[in-house]
Amino acid sequence: MKTIIFLFTFIFVSAAFAATQHQHHQTSTEELQKDVKDYIPSGELKEGVREVNLEAFQYSFKPDPIVVKYKENIRLLAKSTDVTHGIGIAEFKINVALPKGKVKKIEFVADKKGTFIIHCSVYCGFGHGKMHGRLIVK
Amino acid sequence: MKLFKLGVKTYMIVFLSVLALFNISHMGFVVIKQTLGVVFFALILDSVIIWLKEHKLKFSQSACISGLIIAELLTPHQSWPIYVFAPLFAIFSKHLIKISQRHIFNPAAFGLFLSQLFFPTGLAWWAANPVFLIIIFGLFIVYKMKRWELILGFLLTASLLFKGNLYLINPYFMFFMLTEPKTQPFTKKGRIIYAGLIGIFAFLGLALISNLDYSIFGLLLGNLSVPILNKWLK
């Protein structure tokens, strides 16, 4: 019985801690939503395609956020400046590995509106799980 | 103390659940939905197969652990077939790909590997935080299992090969996946060689294969070497 109580307490305390952290996270997301209209599109338009240079490094993406317009054709020219990273944007079915120094071309159409999380899809070190960027399609 | 008499699998389930809860802070509640869904599906599928084979209703802890690991590695916000097929591949490999009544592949690794082949998915390893907690939990699991040779063999080889990039050694992988009991060699010497081989294969995976996770790739190749090691070191 003591064991069960201990395990429940352990999980409950973790959940309580996580919930307080989540509240903070939610606030930041709300703040972000408010300002979406103020963001200027990233990169530049070249023959109808928005081209954005994207850098990945431990443990961030630059620029963050990447801002594009709805229905635009997007070309990301992505590279890693330190170790191998990856770009994963699940909603756009993108998963591309970025070995250090190589420029990878990623093309897609921004056909969904919203804020999407860019994950690093190759384990790149102790901060990997927290390496996120944002793609804003407005 | 009674608490320390719990099985290793129970501890694994508790520790992996705690890690999932801790990471809500930066991932959002979507990861909890993902975790519950994958674990539920893995448990149901595993119990159906057990029922078909033994006519017994049983929910195995190992299926729960496989589900937790799969959910905690998969990138969130993906299309639903990935969350179905990853545990499906894992549980089928556990029951169908066997030598001498032991499954060959780490089920979670096998499920994730095939998912990466069939779907454009990377592995976010979103629950591989915070590192200090993983190390504490991991050391406890290894202490309970008495499998220090696995950790030492892997660390030694990976440290030599990864040299300046020691942070590429993934503690979540090392403590919770490498230590899977059914896919290890029988002897201590075999386990040291096995762990070392996984370090070598993971290094080669990082250097040569870009779209598959190098740790998972290394582990599966290492799993394949186990029957040979068992025969050789008998």
Side-chain angles (χ1 to χ4, degrees), chain A residues 1-8 10-26 28-29 58-59 82-100 102 104 112 114-132, chain B residues 1-6 10-11 13-15 17-30 32 72-79 82 116 119-131 133-134 165-173 206-207 209-216:
Chain A
M1 193 60 193
K2 273 182 190 168
T3 307
I4 302 291
I5 292 169
F6 172 80
L7 294 177
F8 266 110
F10 196 41
I11 291 181
F12 181 76
V13 170
S14 309
F17 173 79
T20 55
Q21 297 294 306
H22 183 64
Q23 244 172 3
H24 173 71
H25 171 80
Q26 265 185 329
S28 328
T29 313
Q58 285 172 323
Y59 296 101
D82 44 31
V83 295
T84 300
H85 292 282
I87 293 188
I89 315 175
E91 292 85 349
F92 292 94
K93 299 197 180 338
I94 293 169
N95 174 39
V96 178
L98 301 175
K100 184 187 169 184
K102 283 186 186 167
K104 290 279 181 91
K112 296 178 187 90
T115 302
F116 306 96
I117 303 293
I118 304 173
H119 295 277
C120 176
S121 56
V122 175
Y123 186 87
C124 60
F126 297 152
H128 167 75
K130 287 188 173 178
M131 182 171 166
H132 302 145
Chain B
M1 204 164 119
K2 207 176 174 184
L3 178 68
F4 289 95
K5 286 177 186 163
L6 290 177
T10 310
Y11 284 115
I13 291 168
V14 172
F15 291 164
S17 306
V18 169
L19 286 174
L21 292 170
F22 256 84
N23 283 285
I24 296 172
S25 59
H26 71 100
M27 298 302 294
F29 276 107
V30 66
I32 297 303
E72 292 185 354
L73 267 59
L74 278 176
T75 306
H77 302 288
Q78 310 221 46
S79 53
I82 297 171
Q116 285 198 287
F119 302 101
T121 178
L123 301 184
W125 295 86
W126 56 265
N129 287 301
V131 173
L133 205 55
I134 292 174
N165 299 323
L166 288 182
Y167 44 78
L168 292 180
I169 299 171
N170 181 343
Y172 183 102
F173 168 78
L206 179 67
I209 300 161
S210 59
N211 274 355
L212 297 171
D213 189 277
Y214 57 93
S215 306
I216 300 291

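What you see is a predicted model; the values in this text were computed from it and never measured. Here is how names work: the chains are called A, B, and so on, in the same order as the sequence lines, proteins then strands, and each is numbered from 1.
A donor-acceptor pair under 3.5 Å links the side-chain atoms of A:His128 to the main chain of B:Ala124, judged by distance alone. At least one donor-acceptor pair closer than 3.5 Å links the side chain of A:Lys104 to the backbone N or O of A:Ala97. Using modelled atom types, one side-chain atom of B:Ser17 and one backbone atom of B:Ile13 make a donor-acceptor pair closer than 3.5 Å.
Counting heavy-atom pairs closer than 4.5 Å to chain A, the top residue among B:Tyr214, B:Tyr172, B:Phe119, B:Phe173 is B:Tyr214. Chain A forms the most heavy-atom pairs under 4.5 Å with one residue out of B:Gln116, B:Gln78, B:His77, and that residue is B:His77. Top candidate by heavy-atom pairs under 4.5 Å with chain A, chosen from B:Asn170, B:Thr75, B:Leu212, is B:Asn170. Most heavy-atom pairs under 4.5 Å with chain A: of the set B:Thr121, B:Asp213, B:Val131, this distinction falls to B:Thr121. Ranked by heavy-atom pairs under 4.5 Å with chain B, the list A:Pro99, A:Cys124, A:Gly86 is led by A:Cys124.
Taking every heavy atom of both residues into account, A:Tyr123 and B:Pro171 meet most closely at OH-CD, 3.5 Å. Scanning both residues, A:Gly129 and B:Met27, for their nearest heavy atoms gives O-SD, 4.2 Å. Scanning both residues, A:Gln58 and B:Tyr167, for their nearest heavy atoms gives NE2-CE1, 2.9 Å.
Both the backbone and the side chain of B:Pro76 come within less than 4.5 Å of a heavy atom of chain A. Using a 4.5 Å cut-off between heavy atoms, B:Asn129 touches chain A through its side chain atoms alone. Of the two parts of B:Ile169, only the backbone, made up of N, CA, C and O, holds a non-hydrogen atom closer than 4.5 Å to a non-hydrogen atom of chain A. Neither the backbone nor the side chain of B:Ser215 comes within less than 4.5 Å of any heavy atom in chain A.
Around atom NZ of A:Lys112, more than 12 heavy atoms belonging to other residues, nucleotides or ligands sit under 6.0 Å away.
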